[in-house]
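Take a look at the structure set out below.
Read the numbers this way: they start at 1 and go in the same order the structure lists the ligands and their atoms.
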Amino acid sequence: MPPIGIHDLSVATTHYALDLRELAAHTGVDVDKYRLGLGQETMSVPAIDEDIVTMAATAARPIIDRHGADRIRTVLVATESGVDQAKAAGLYLHPLIGLPATARVVELKQACYSGAAGLQFAAALCAREPDQAVLVIATDIARYDLDTPAEPTQGAAAAAILVTADPAIAELEPVSGIFSADVTDFWRPNYRSTAVVDGKLSITAYLAAAASAFTDYRRRGGRGFDDFAAVCYHQPFTQMAYKAHRHLLEGRGRAPATAALDSVLAATTHYNRVIGNSYTASLYLALASLLDHTPDLTDRPIALLSYGSGAVAEFFSATPAPGYHQHLRTQAHHDALAQRKPLTYDHYRTLHRTQTPTDGAHHTLPEDTNAPFRLAAITSHKRIYKTRQPNELRSRLSHFSQTRGVRPGCDGSGGGFGGSACGGMR
Ligand code: HMG
């Protein structure tokens with residue numbers, strides 16, 4: 001059987017970012033709690049006309065542009081912030097990124113874990129039929145209630161991964177360790193737009209699940225920690241990676257120094273530190289961060305630990321392929337972060353409070369994001385997405401770079417849906 005794994009990896013995030021210094025100035029919390037205690041600096045916040053579909057399209061489009069869509073036989077969208085209870089988000093993507101009619105399209109859910117399930121399903125499909133490619137997209141918006149301890153751990157991003165035989169970036173190794181149990185540490189009932197979380201329980205549940213998944217991985221013949229050049233963890237906040245790695249090592253009788261933790265973790269945290277939690281996408285942002293910020297990992301195995309509250313954990317590994325560097329999208333990832341627009345606290349709160357209209361009337365959304373895809377309207381309960389043409393995109397971005405900063409009328413005074421250019425919905 002040929003090696004199977006990650007042939008391409010592309011990350012996208014939102015139009016806006018909130019600096020946690022801005023949040024701390026209003027909550028009265030010492031900013032070091034956010035920056036040092038949680039390991040977070042800023043968090044991505046979606047514009048009125050962004051959602052998991054627009055982020056997924058923005059992440060996946062460069063993959064289609066590079067490889068074409070003909071070989072794609074399956075599209076798996078992993079998300080816990082789905083836009084519809086019946087229709088898969090991947091079908092909204094279909095016209096936006098030109099997916100083939102001959103690809104099966106489904107949505108996967110299990111909190112932050114389902115991206116890893118998507119990768120394993122994709123690997124199995126490619127093993128059965130090595131000519132096919134599977135597009136796995138992890139896309140999420142992490143939202144908690146305002147004025148709660150979880151508020152600084154919000155964020156949003158998408159990671160699109162093309163899985164094929166003979167991958168250009170990294171081979172997925174066949175051994176994996178799994179742990180599943182019924183735990184109510186974090187959940188979101190259908191009637192809520194924000195998650196409910198027992199913060200302390202969620203941390204102990206994560207640690208216990210990670211340890212059990214690693215034990216299962218070892219039992220199945222997996223590698224020892226010393227074999228890994230780096231370890232990518234699901235990062236609801238980047239200090240969680242440090243907690244988890246320390247926990248796994250201590251469980252094996254080792255007491256790691258901070259420098260030893262940094263050597264396998266620091267490079268995995270650059271993107272999540274400035275994006276915040278992106279649920280299903282977080283682990284793949286850690287992988288992209290590692291690959292984009294490490295000189296050479298060729299043939300050096302990398303461990304990955306996926307955790308999704310509720311709870312499922314999986315420990316698996318990937319080995320970067322010779323020449324993988326030429327296939328990375330480092331500059332595009334840096335540009336996506338640099339192009340985000342800083343939010344004022346008031347504007348952030350306005351965006352957070354804005355709800356999707358449920359009345360079935362026609363609602364045109366204000367043009368807020370500069371992204372290539374946007375949610376343009378909701379009409380008769382249908383979501384209408386629009387693709388920006390390259391010239392329109394160029395002119396928006398050039399206008400944006402000249403006027404970077406807070407636009408007049410975007411200071412949070414805009415209000416709700418259908419109001420000012422800053423009002424709207426989520
Ligand atoms: P909290 O209770 O407000 O924070 O909420 P804390 O008091 O525990 O402080 C956090 C850290 O900051 C502590 O460090 C403090 O000592 C430190 P630690 O003891 O953990 O090493 N600290 C400071 N450091 C420097 N200077 C200071 C200072 N003050 C305090 N002045 C909590 C923290 C994470 C619980 C909260 O943000 C939360 O509920 N977040 C959401 C839940 C979450 O992220 N859970 C993580 C594990 S579950 C998971 O990953 C799954 C998830 O992604 C969902 C899914 O699967 O879909 C969430």
Could you list the donor-acceptor pairs under 3.5 angstrom formed between side-chain atoms of residues 133-142 and any protein atom two or more places apart in sequence or on another chain?
residue	atom	partner	partner atom	Å
T139	OG1	I52	O	2.9
D140	OD1	T79	OG1	3.0
D140	OD1	E80	N	2.9
D140	OD1	S81	N	2.9
D140	OD1	S81	OG	2.4
D140	OD2	E80	N	3.3
D140	OD2	T280	N	3.2
D140	OD2	T280	OG1	2.7

Return a table of N or O atom pairs, ligand 1 on one side and protein on the other, at distances under 3.5 Å, rounded to 0.1 Å.
residue	atom	partner	partner atom	Å
ligand 1	2 (O)	K200	NZ	2.8
ligand 1	3 (O)	K33	NZ	2.6
ligand 1	4 (O)	K33	NZ	3.3
ligand 1	8 (O)	K200	NZ	2.6
ligand 1	20 (O)	K243	NZ	2.3
ligand 1	21 (O)	K243	NZ	3.4
ligand 1	31 (N)	D30	OD2	3.0
ligand 1	37 (O)	P149	O	2.8
ligand 1	40 (N)	T153	OG1	3.4
ligand 1	45 (N)	S202	OG	2.8
ligand 1	50 (O)	H234	NE2	3.2
ligand 1	53 (O)	H234	NE2	2.8
ligand 1	53 (O)	N277	ND2	3.0
ligand 1	56 (O)	C112	N	3.2
ligand 1	56 (O)	S309	N	2.8
ligand 1	57 (O)	E80	OE1	3.3
ligand 1	57 (O)	E80	OE2	2.4
ligand 1	57 (O)	C112	N	3.1

Can you list every pair that meets salt bridge (charged side-chain N to carboxylate O under 4.0 Å, His left out) and has a residue in residues 274-293, with sequence neighbours left out?
none
In terms of ring plane angle, is the pair H270 and H293 parallel, tilted or perpendicular, where the classes change at 30° and 60°?
tilted
Aromatic ring pairing Y345/H26, orientation class (parallel under 30°, perpendicular over 60°, tilted between)
parallel
Side-chain donor/acceptor pairs under 3.5 Å, residues 314-321, sequence neighbours excluded:
residue	atom	partner	partner atom	Å
E314	OE1	Y113	OH	2.5
E314	OE2	Q120	NE2	2.8
E314	OE2	S176	OG	2.8
S317	OG	E173	OE1	2.4
T319	OG1	E173	OE2	2.9

Kindly assign one of parallel, tilted or perpendicular to the pair F228 and F225, based on the angle between their ring planes and the thresholds 30° and 60°.
perpendicular
